[in-house]
Amino acid sequence: ILDSEKVNIIQFITRLKDKSYKRILFYGAGEVAEIMLYVISKEKPPIIEVAGIIDDDTNKQGKAIEGVKIISLDKINEIDHDGILISSYANQEIMYKNLLINNYPKENILEFFEK
């Protein structure tokens, strides 16, 4: 992981914290989530808590990345959280639409990548 990428992630997560996000879910259990979780886990004290990772792939559900459990979208109401960060570049649009279809509040959908 490049230092510039690490700095970008830390700055982004710090901005979320400044907006009063304390516990978030990631949507997408891929490489982006792995990198972001790795960076977050190295910060002491942690900048923000990642309460879970949503993924639509049933083969990933029930597993974990950096100790954070991967769940299905229909389980999000069971986990206390302030927002959902879309942690995928390739599937960003689909994930955003999935959240809206499930009546998730638009103002709590967080995006790392610019559209």
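One is the number of the first residue; the rest follow in order along the sequence. Below, all heavy atoms of this structure are taken into account, side chains as well, without hydrogens, waters or symmetry copies. This is a predicted model, so every value here is computed, not measured.
Annotation: Glu49, atom CD; neighbour count of heavy atoms from other residues, nucleotides and ligands within 6.0 Å is above 12.
With hydrogens and angles ignored, the 3.5 Å screen pairs no side-chain donor or acceptor of Lys106 with any backbone N or O of Asn103. Looking only at distances, no side-chain donor or acceptor of Glu66 sits under 3.5 Å from a matching main-chain atom of Ser41.
Of all heavy-atom pairs between Gln61 and Asp55, the closest is NE2-O, 2.7 Å. The shortest heavy-atom contact between Leu37 and Val68 is CD2-CG2, 3.8 Å. Nearest heavy-atom pair, Arg23 versus Ala51, reported as atom, atom and distance to 0.1 Å: NH2-CB, 3.3 Å. Shown here for Ala29 and Lys60, the closest heavy-atom pair between the two residues is O-NZ, 3.1 Å. The minimum heavy-atom distance between Ile84 and Tyr27, with the atom names listed, is CG2-CB, 3.8 Å. Considering all non-hydrogen atoms of both residues, Ala33 and Gly28 come closest at CB-O, 3.1 Å.
In the hydrophobic cluster analysis, where Ile, Leu, Val, Met, Phe, Trp and Tyr join through side-chain heavy atoms closer than 4.5 angstrom, Val39 is grouped together with Tyr89. Under the 4.5 Å side-chain heavy-atom criterion for grouping Ile, Leu, Val, Met, Phe, Trp and Tyr, Leu16 is not connected to Val7 through any hydrophobic cluster. The hydrophobic clustering, which links ILVMFWY residues whose side-chain heavy atoms are closer than 4.5 Å, places Ile94 and Ile53 apart.
Applying the side chain to side chain contact (heavy atoms under 4.5 Å, CB included) test between Phe26 and each of Ile65, Leu85, Ile54, Leu110 identifies Leu85 as the sole match.
Take Arg15 and apply the side-chain contact (heavy atoms from CB on, under 4.5 Å) test, not counting sequence neighbours, and it matches Gln11, Phe12.
Interatomic distance, CE of Met95 versus CD1 of Ile86, reported as 7.5 Å (0.5 Å rounding). Annotation: the span from Asp82 atom CG to Lys17 atom NZ amounts to 12.5 Å, rounded to 0.5 Å. Taken from CD1 in Ile24 to CD1 in Ile13, the straight-line distance is 5.0 Å, to the nearest 0.5 Å. For the atom pair CD1 of Ile9 and CD of Glu43, the computed distance is 10.5 Å after rounding to the nearest 0.5 Å. Taken to the nearest 0.5 Å, the CG atom of Asn8 stands 11.0 Å off from the CG atom of Asp3. Rounded to the nearest 0.5 Å, atoms CD (Glu31) and OG (Ser88) are 11.0 Å apart.
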Starting from the C-alpha separation in whole Å, work towards a yes-or-no answer on side-chain contact (heavy atoms from CB on, under 4.5 Å) for Ile47 and Ile40. CA-CA 7 Å; Ile47 305 168; Ile40 291 168; 5.5 Å; no
Begin from the C-alpha positions of Asn91 and Asp56 and carry the test side-chain contact (heavy atoms from CB on, under 4.5 Å) through to its verdict. CA-CA 11 Å; Asn91 300 310; Asp56 299 322; over 6 Å; no
With side-chain contact (heavy atoms from CB on, under 4.5 Å) as the criterion, how do Leu73 and Leu99 come out once you've worked through the C-alpha distance, each side chain's angles and the decisive distance to 0.1 Å? CA-CA 8 Å; Leu73 184 57; Leu99 290 169; 3.7 Å; yes
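With 3.5 Å as the limit, one finds no donor-acceptor pair spanning the side chains of Asn98 and Tyr104.
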